[in-house]
2 protein chains.
Amino acid sequence: MDTAKRENDEAARAADSPLVHDFGLLIKAATRLEQRIDTALRKECEISHTMFEVLIRLCRHPDEEISQRRLADDLTLTSSGITRLIDRMEGTGLVRRVPAPGDRRSVLVEPTGQGRTVFLRAAAIHASVVERYFVAPVTPADYGRLTRSLGEIEKALRDA
Amino acid sequence: MDTAKRENDEAARAADSPLVHDFGLLIKAATRLEQRIDTALRKECEISHTMFEVLIRLCRHPDEEISQRRLADDLTLTSSGITRLIDRMEGTGLVRRVPAPGDRRSVLVEPTGQGRTVFLRAAAIHASVVERYFVAPVTPADYGRLTRSLGEIEKALRDA
DNA sequence: GCTCAGCAATTGATTGCTCAGTAATTGAGA
DNA sequence: TCTCAATTACTGAGCAATCAATTGCTGAGC
């Protein structure tokens, strides 16, 4: 059948387009990098990369707790995802839930002392992996442009 | 306690480092973009983004089937992950398994006619989302450098 | 030719998320 | 002041991945 053959060719062209290729690169680089960090953190610190992302937010401003809602938005998780993640982190003593002063629906989260200690060890591991596979492979000039572009892309997604 | 206070400050600095921030941007941009594509493809074509990634590989070279092993490596899935993914795709008639001529351990996968048809529709959706949120937000010059950098990063991860 | 270490795919059990639905709380407008 | 739509967290069910263990097959070295 001729139409089948033409569809084959069309599909082959679509599958080979630069757009597909370039975007594939982004996805692959990001997932490989995240996997590498995740396994390193699990081995050395017994936490997942997701937990690390939570600790980053909690430690950033030492005297300002963060609501679960905000964490969910920041990590692109659903509210139920965050509930269970914080459950696990509370269970292993990394964080503590505290009621929100002004709003009784909301729950604030803060790191425990142990949480901060683990975070410091984890941050060192994180930095070394990121340094090696994210920073080192590109020239300093390109690195600046890379992060700027990623910022633009993230902004476009956020605004939409 | 003084040591606790110092640990607080140290953690705050680590959590605010440019490295952490920049890498966070990559992860966030990639996951948001992938989510957007995934929901669009699910709504319009009833396939997941992961299935789309499989179809890309299968349609790229029309007369060369691809082994599950290769697909798993390419998509950064485990072999068991690929087995179940292909199960589902075979179940909905998108692909077909065929025995590998030279090696009876290996299973090759090829797209069905329906698989190619769905792929063509999906590719159009994919292109429009990628165009809008990945290409449009950066200048053409930066886009070239962006993909080059991502290529370098991916290469570094692959080599290691 | 035989053995055996290694690889491909599969399966059972588990993990970590989503979705849909629920309960408590809030704040804006009649 | 009261009502009600929106918002927060949580829960049960389900899904898509992982890990660990198994089976069948292959090829290199003796």
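Chain identifiers are assigned alphabetically (A, B, ...) following the order of the sequence lines, protein sequences preceding nucleic acid strands; residue numbering begins at 1 within each chain.
Distance, A:Ile82 CD1 to C:dC17 C1': 12 Å, rounded to whole Å. One interatomic measurement links the two molecules: CZ of A:Arg104 to C1' of D:dT8, which rounds to 13 Å at whole-angstrom precision. The distance from atom CG of A:Asp87 to atom C1' of D:dT8 is 15 Å, rounded to the nearest whole Å. Atom pair A:Gln35:CD and D:dC19:P shows a separation of 9 Å (rounding to whole Å applied). Atom CZ of B:Arg70 and atom P of C:dA8 are 13 Å apart (whole Å). The nearest whole Å value for the distance from the CG atom in A:Leu75 to the P atom in C:dT18 is 10 Å. Rounded to whole Å, the distance from CZ on A:Arg88 to P on D:dT11 is 14 Å. The distance between atom CG of B:Asp38 and atom P of D:dC15, rounded to the nearest whole Å, is 15 Å.
Aromatic ring pairs are classed by plane angle as parallel below 30°, tilted from 30° to 60° and perpendicular above 60°; the pair B:Phe119 and B:Phe52 is parallel. A perpendicular orientation is assigned to the rings of B:Phe134 and B:Tyr143, their planes being inclined by more than 60° (bins at 30° and 60°).
Of the listed nucleotides (C:dA13, C:dG16, C:dA9), C:dA13 has the atom at the smallest distance from the side chain of B:Arg84. Closest approach to the B:Val107 side chain among C:dA9, D:dT8, D:dA17 is made by C:dA9 (side chain taken as heavy atoms from C-beta onward). Checking C:dA9, D:dA9, D:dT26 against every side-chain atom of B:Thr83, the shortest atom distance belongs to C:dA9. Listed nucleotides: C:dG6, D:dA9, C:dT26. Nearest to the side chain of B:Arg105: C:dG6. Considering only side-chain atoms of A:Arg69, the nucleotide from D:dT8, D:dC25, D:dC10 that sits closest is D:dT8. With C:dA9, D:dT26, D:dA17 as the choices, the nucleotide that has an atom nearest any side-chain atom of B:Leu77 turns out to be D:dA17.
Side-chain nitrogen and oxygen atoms of B:Thr78 include at least one within less than 4.0 Å of the OP1 or OP2 phosphate oxygen of D:dT18. Note on A:Ser106: every side-chain N or O is 4.0 Å or more away from OP1 and OP2 of C:dT25.
The residue among B:Arg42 and A:Leu108 whose nearest nucleotide of DNA chain D lies closer to the 5′ end is A:Leu108. Between B:Ser80 and A:Thr50, the one whose closest nucleotide on DNA chain C sits nearer the 5' end is B:Ser80. Between A:Asp103 and B:Arg97, it is B:Arg97 whose nearest contact on DNA chain C lies nearer the 5' terminus.
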Please test A:Phe23 against B:His126 for side-chain contact (heavy atoms from CB on, under 4.5 Å), starting from the C-alpha separation and ending with a verdict.
CA-CA 10 Å; A:Phe23 181 69; B:His126 176 82; 3.4 Å; yes
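Atom CD of A:Glu34 sits about 10.5 Å away from atom OG1 of B:Thr76, to the nearest 0.5 Å.
Between A:Cys59 and A:Leu120, every side-chain heavy-atom pair lies at or beyond the 4.5 Å cut-off.
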